[in-house]
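In what follows, chains are A, B, ... by sequence order, proteins preceding strands, each numbered from 1.
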Protein chains: 2
Amino acid sequence: MGTTKSEVFSEEINDLSSLFKAFGHPARIAIIQFLRTQEKCICTDLVKELPLAQPTISQHLKELKNAGIIQGSVSGTSICYCLNLEKISELDAFLASLKYDQNPTCC
Amino acid sequence: MGTTKSEVFSEEINDLSSLFKAFGHPARIAIIQFLRTQEKCICTDLVKELPLAQPTISQHLKELKNAGIIQGSVSGTSICYCLNLEKISELDAFLASLKYDQNPTCC
DNA sequence: TCGCTATATTGCAATATTACGATATACTTA
DNA sequence: TAAGTATATCGTAATATTGCAATATAGCGA
C-alpha cells in the first residue's frame with residue numbers, strides 16, 4: 001500500500017500521467033508562466049520572482065526538466081531555461097482527443 | 001515544511017495546478033480514457049476493467065469529480081459518469097497560450 | 001421487510017512530495 | 001589563486017497521497 005500501482009497500467013498511460021503531474025504544482029505553473037512571458041529565458045530571476053528558497057526552485061526546475069517540459073542550456077555561469085513545445089503538444093493532443101471522441105448523448 | 005505553499009500563489013495558478021494534478025495519476029487517466037471510449041457512461045464497469053479495488057476507484061472518481069473533470073448523474077442504484085468538456089477546455093486554453101506566446105529566439 | 005447490488009466513507013499503513021538549511025560544484029573575474 | 005556568483009545536491013522534518021479492508025449508505029425487487 002501507499003505506492004501508485006504503475007505496473008498495472010500501460011506505458012502510454014503512465015507517461016501521460018507523469019506529464020500532467022509535473023504541471024500539478026503551483027510553483028511549477030508559476031515557473032512555466034514566467035518562462036512564457038520573459039523575453040530572455042531565466043536562471044536566478046526565478047529566485048527573485050517567486051517567494052521560495054533557491055533549493056526549492058532548483059528542485060522544481062529539475063522535475064520540469066525530467067518531465068521534458070523545459071530545456072536548459074548552459075550559458076557561462078548561469079543556465080537558460082525554456083519551454084519544450086513538443087512535450088506540451090503531447091498533452092494538447094490528449095486533451096483534444098477527449099473532446100472529439102465524446103459521445104454527445106452521454107449524461 | 002512539507003506543505004505546498006499555495007498561499008503565495010494567485011488563485012488562477014492554484015486552480016490550474018489542481019486541475020493538472022487531478023490528471024496526474026495513471027488510474028485517473030485510465031478512468032478518463034475508459035469514459036472516452038465507452039458508448040454508455042459507466043459505474044461498476046470500472047471496477048471490472050481496472051485492477052484496483054472498489055474503494056480505490058471510488059476515491060479516484062471523487063477526486064475527478066471534485067476537480068470538475070467528470071460529472072455523475074444518479075440513475076437508479078448506479079451512477080452514470082461522463083467527462084466535463086468545459087473543464088478540459090480550460091487546460092487546453094492554458095497549453096495553447098504557452099505555444100502562441102513563445103519567443104522563438106529563446107534557447 | 002429482507003437480501004442484493006452499487007457506491008461511498010472511514011481508518012490506517014506504506015510511500016511520496018514539499019520545503020529548506022547546509023553544503024557542494026563550477027564558472028568568472030580580480 | 002581567492003573571492004564571488006549561479007546552481008545543484010543532500011539530509012530531513014512536515015505533510016500529502018495511495019490503496020485497501022471493513023463498514024456504511026441507499027435504491028431495488030421478492
Can you confirm whether L50(A) sits close enough to F34(A) that some side-chain heavy atom of one is under 4.5 Å from a side-chain heavy atom of the other? no
Contact state string [nucleotides 21-30 of chain C, B base, S sugar-phosphate only, - no protein heavy atom under 4.0 Å]: BB----SS--
Hey, does P26(A) have a side-chain heavy atom less than 4.5 Å from the side chain of T4(B)? yes
Going through the checks in order, is the side-chain contact (heavy atoms from CB on, under 4.5 Å) test met by Y81(A) and Q38(A)? CA-CA 11 Å; Y81(A) 285 106; Q38(A) 281 308 95; over 6 Å; no
Taking the nucleotide of DNA chain D with the closest heavy atom to each, which residue, K5(A) or V47(A), is nearer the 5' end? V47(A)
Across the strands shown, which category fits T3(B) at heavy-atom distances under 4.0 angstrom: base, sugar-phosphate, nothing? sugar-phosphate
Here's a test for you: under side chain to side chain contact (heavy atoms under 4.5 Å, CB included), which of L91(A), L95(A), L98(A), D92(A) qualifies with L91(B)? L95(A)
Could you point out which residue of L61(A), L52(A), I69(A) forms a side chain to side chain contact (heavy atoms under 4.5 Å, CB included) with I31(A)? L61(A)
Could I get the full list of side-chain hydrogen bond (donor to acceptor under 3.5 Å, both in side chains) partners for K21(B), not counting sequence neighbours? none
Take atom CD of E7(B) as the centre, draw a 6.0 Å sphere, and report whether it contains more than 12 heavy atoms from other residues, nucleotides or ligands. yes
Within residues 12-34 of chain B, find the residues that approach DNA chain D with a heavy atom at under 4.0 Å, and present them sorted by residue number. K21(B), H25(B), R28(B)
Below 4.5 Å, heavy atoms only, C-beta onward: do F94(A) and I32(B) meet side chain to side chain? yes
Search all heavy atoms of L64(B) against all heavy atoms of A22(B) and return the closest pair with its distance. CD2-O, 3.9 Å
Nearest heavy-atom contact between N14(B) and F9(B) is ND2-O, 3.3 Å
Counting any heavy atom closer than 4.0 Å, what does L52(B) reach on the DNA or RNA strands: base, sugar-phosphate only, or nothing? sugar-phosphate
Touch check for T56(B), heavy atoms < 4.0 angstrom, all strands: base, sugar-phosphate only, or nothing? base
Going by distance alone, is a donor N or O of one side chain under 3.5 Å from an acceptor N or O of the other, for R28(A) and S17(B)? no
Nearest-0.5 Å distance, OG of residue S89(B) to CG of residue N84(B): 8.5 Å
Here the residues of residues 58-67 of chain B within 4.0 Å heavy-atom distance, strictly under, of DNA chain D are Q59(B), H60(B), E63(B)
Students should find this one: the first and last nucleotides of DNA chain D, 5' to 3', lying under 4.0 Å from a heavy atom of chain A. What are they? dT5(D) to dC20(D)
Salt bridge (charged side-chain N to carboxylate O under 4.0 Å, His left out) filter on E12(B), not counting sequence neighbours, yields none
